[in-house]
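The structure appears right after this line, and notes come after that.
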Amino acid sequence: MDGELLWGFWYPALVSKAVRPGRMQAQTLLELPLVLCRDSQGRIAALRDLCPHRAMPLSFGRFDGARLECPYHGWQFDMDGRCRHIPALVDDGGLQTEKIGVRTYPACDQDGYVWVYIPDMQGLPAVLPDIPKLPVLSEQYQLLHISTMLTCSIDNGIVGLLDPAHGPFVHQSVWWRSRASIHEKSKVFEPLPAGFRMRAHSPSRNSAPYKLLGLAGAPVTTTIDFVLPNLRLELVQAGRWWFSSRATVTPITQDQSRIDFCAAWNCFRWVPFLPMLVRGFAGVFLNQDKRAMERQALGLRSTTPSMMLVGDADMPARWYYRLKAAYLAARQHGGALDHPLKGPVTLRWRS
């Protein structure tokens with residue numbers, strides 16, 4: 001199960017602006033080569049990046065806003081994957097080209113990303129699940145996206161995403177936590193249908209960015225969710241002010257993943273260059289995580305790699321592994337998911 005990819009979910013493929021109208025873009029998800037294209041009306045489509053004729057990637061060819069043309073023999077496919085033209089055929093060839101096709105996948109724009117649904121062996125469900133949405137609490141807000149690649153497996157990336165105790169060591173900074181500020185914490189966790197939640201609580205007093213929201217003159221609370229297959233959602237509120245973020249770790253291959261961080265906020269919108277400052281803060285934060293996870297990956301390449309999960313601080317990681325195993329068992333054998341978290345649990349650790 002370790003390192004196994006989870007199918008049957010929506011995954012963020014790339015930022016929406018990376019696929020302009022009339023353009024296409026190659027992207028690999030879960031070791032699956034895809035080509036994403038957008039027509040002149042803005043409709044997005046995701047196709048397997050493989051011509052059925054001679055296995056040439058279609059992304060090397062041309063896209064005129066309606067059809068993809070293979071660069072090898074000029075076969076043309078519409079955005080629904082149907083073959084519409086084979087130049088080498090004579091007029092009376094009799095071949096019904098529309099019966100030749102390239103596999104397509106549901107794709108949609110949401111929160112500035114192109115999301116693609118990757119079905120499991122059972123195929124597409126009768127009704128597709130909702131695309132994960134970034135929670136926003138007002139009509140007016142600012143939004144940013146930032147990504148970075150990780151040379152590590154999906155499981156190690158997500159375990160790093162869930163870890164509550166590495167902050168004082170990985171994210172050392174004057175505006176973040178330090179070793180001198182380590183203290184005991186107690187948080188209540190509760191189950192979600194496909195994940196778990198850290199209940200609303202006062203954020204860490206040794207994290208300067210959270211303190212800024214206290215200027216709203218209201219108590220500051222933060223809620224953190226993890227939802228399969230790869231979503232960490234955090235919502236910080238202080239009166240009418242809020243800051244919402246979503247981090248996903250998406251598997252590209254077995255040993256390469258990508259972190260996508262998306263954030264929205266309605267506070268301090270009058271501060272000059274605030275999006276630039278938030279982007280810089282998030283970039284430093286993600287690069288520190290990236291460095292830690294990639295260094296850990298070097299250790300896991302040893303002949304006898306192992307990880308010890310001990311104490312309450314490692315409990316979210318254990319829940320993730322158990323939740324993943326329960327999901328795979330439910331998909332294989334049917335029935336409801338046997339959730340590892342049966343009810344509210346209080347965890348205590350130092351960070």
Side-chain angles (χ1 to χ4, degrees), residues 9-12 14-17 108-115 129-148 157-158 160-164 167 171 175-177 187-190 192-205 207-250 258-271 273-286 289 316:
F9 290 99
W10 288 97
Y11 285 94
L14 37 68
V15 292
S16 296
K17 64 182 181 181
C108 191
D109 292 287
Q110 176 68 50
D111 299 326
Y113 287 94
V114 176
W115 293 76
D130 292 335
I131 301 173
K133 293 182 179 180
L134 178 70
V136 294
L137 305 183
S138 62
E139 293 185 1
Q140 300 294 322
Y141 55 86
Q142 292 180 305
L143 182 69
L144 73 76
H145 310 90
I146 187 169
S147 300
T148 188
I158 289 180
L161 195 70
L162 294 175
D163 178 37
H171 301 298
W175 37 259
W176 199 243
R177 305 165 193 173
K187 312 293 182 185
V188 178
F189 290 77
E190 60 190 8
L192 297 174
F196 45 87
R197 167 174 292 164
M198 184 190 295
R199 282 183 182 173
H201 59 279
S202 298
S204 298
R205 61 179 183 269
S207 299
Y210 291 128
K211 295 179 181 178
L212 291 175
L213 286 173
L215 297 176
V220 182
T221 63
T222 181
T223 304
I224 301 175
D225 294 351
F226 173 77
V227 182
L228 286 179
N230 63 344
L231 291 88
R232 181 191 184 275
L233 301 160
E234 182 169 1
L235 180 61
V236 187
Q237 296 177 263
R240 62 183 179 86
W241 286 359
W242 57 269
F243 184 95
S244 178
S245 66
R246 180 186 62 220
T248 58
V249 181
T250 298
R258 188 187 69 241
I259 292 183
D260 291 299
F261 179 79
C262 178
W265 65 93
N266 76 336
C267 48
F268 306 114
R269 294 175 60 207
W270 61 88
V271 176
F273 310 110
L274 182 59
M276 186 183 301
L277 293 173
V278 175
R279 179 177 294 277
F281 167 80
V284 170
F285 202 86
L286 287 184
D289 278 328

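As the structure is a computational prediction, the values presented were derived from the model and not from experiment.
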- Close side-chain approach of S244 and L137, heavy atoms under 4.5 Å: no
For S138, the side-chain contact (heavy atoms from CB on, under 4.5 Å) test, sequence neighbours excluded, returns W242, N266
- Look only at the side chain of W10 and the backbone of P132, and say whether a donor-acceptor pair between them is shorter than 3.5 Å. no
With sequence neighbours left out, the residues meeting salt bridge (Lys or Arg N to Asp or Glu O under 4.0 Å) with R199 are E190
Taking every heavy atom of K187 against every heavy atom of S202, the minimum-distance pair comes out as NZ-O, 3.7 Å
Taken to the nearest 0.5 Å, the spacing of Q237 CD from C267 SG works out to 11.0 Å
d(L161 CG, F226 CZ) to nearest 0.5 Å is 7.5 Å
- Item | Student check: side-chain heavy atoms of Y113 and C262 closer than 4.5 Å | yes
CG of L233 to NZ of K133, rounded to nearest 0.5 Å, is 13.5 Å
Using only atom types and a distance under 3.5 Å, with no angle test, would you say the side chain of D260 pairs donor to acceptor with the backbone of T248? no
Hits for salt bridge (Lys or Arg N to Asp or Glu O under 4.0 Å) against D109, two or more places apart or cross-chain, chain-then-number order -> R38
Is the shortest side-chain heavy-atom distance between V220 and F243 below 4.5 Å? no
Residues T223 and M198: closest non-hydrogen pair is CG2-O, 3.5 Å
Shortest non-hydrogen pair, A238 vs A218, comes out as C-CB, 4.0 Å
### Task
Give a yes or no answer on whether the side chain of H145 reaches the backbone of L14 with a donor-acceptor pair at less than 3.5 Å.
no
So CZ of R279 and CD1 of I146: to nearest 0.5 Å the spacing works out to 5.5 Å
Here the pair of heavy atoms bringing L143 nearest to A264 is CD1-CB, 4.0 Å
When L235, L192, L231 are each screened for side chain to side chain contact (heavy atoms under 4.5 Å, CB included) with D225, the one that passes is L192
Exercise for review: For the pair W115 (side chain) and I131 (backbone), establish whether a donor and an acceptor sit closer than 3.5 Å, ignoring hydrogens and angles.
Suggested key: no
Check your understanding: Is any side-chain heavy atom of R246 closer than 4.5 Å to a side-chain heavy atom of D111?
Key -> yes
Checklist entry - Counting N and O atoms only, with roles assigned by atom type, does the side chain of H201 sit under 3.5 Å from a partner on the main chain of T221, one being a donor and the other an acceptor? => result no
When rounded to the nearest 0.5 Å, the distance separating CG of L144 from CE of M276 is 12.0 Å
For D289, the salt bridge (Lys or Arg N to Asp or Glu O under 4.0 Å) test, sequence neighbours excluded, returns none
Of all heavy-atom pairs linking S245 and L134, the shortest is C-CD1, 3.7 Å
The ring pair (Phe, Tyr, Trp, His ring centres under 6.0 Å) partners of F261 (sequence neighbours excluded) come to none
Check against side chain to side chain contact (heavy atoms under 4.5 Å, CB included), F9 and N230: CA-CA 10 Å; F9 290 99; N230 63 344; over 6 Å; no
Value for CD1 (I259) from CZ (F285), rounded to nearest 0.5 Å, stands at 10.0 Å
Sorted by chain and residue number, the ring pair (Phe, Tyr, Trp, His ring centres under 6.0 Å) partners of Y11 (sequence neighbours excluded) come out as none
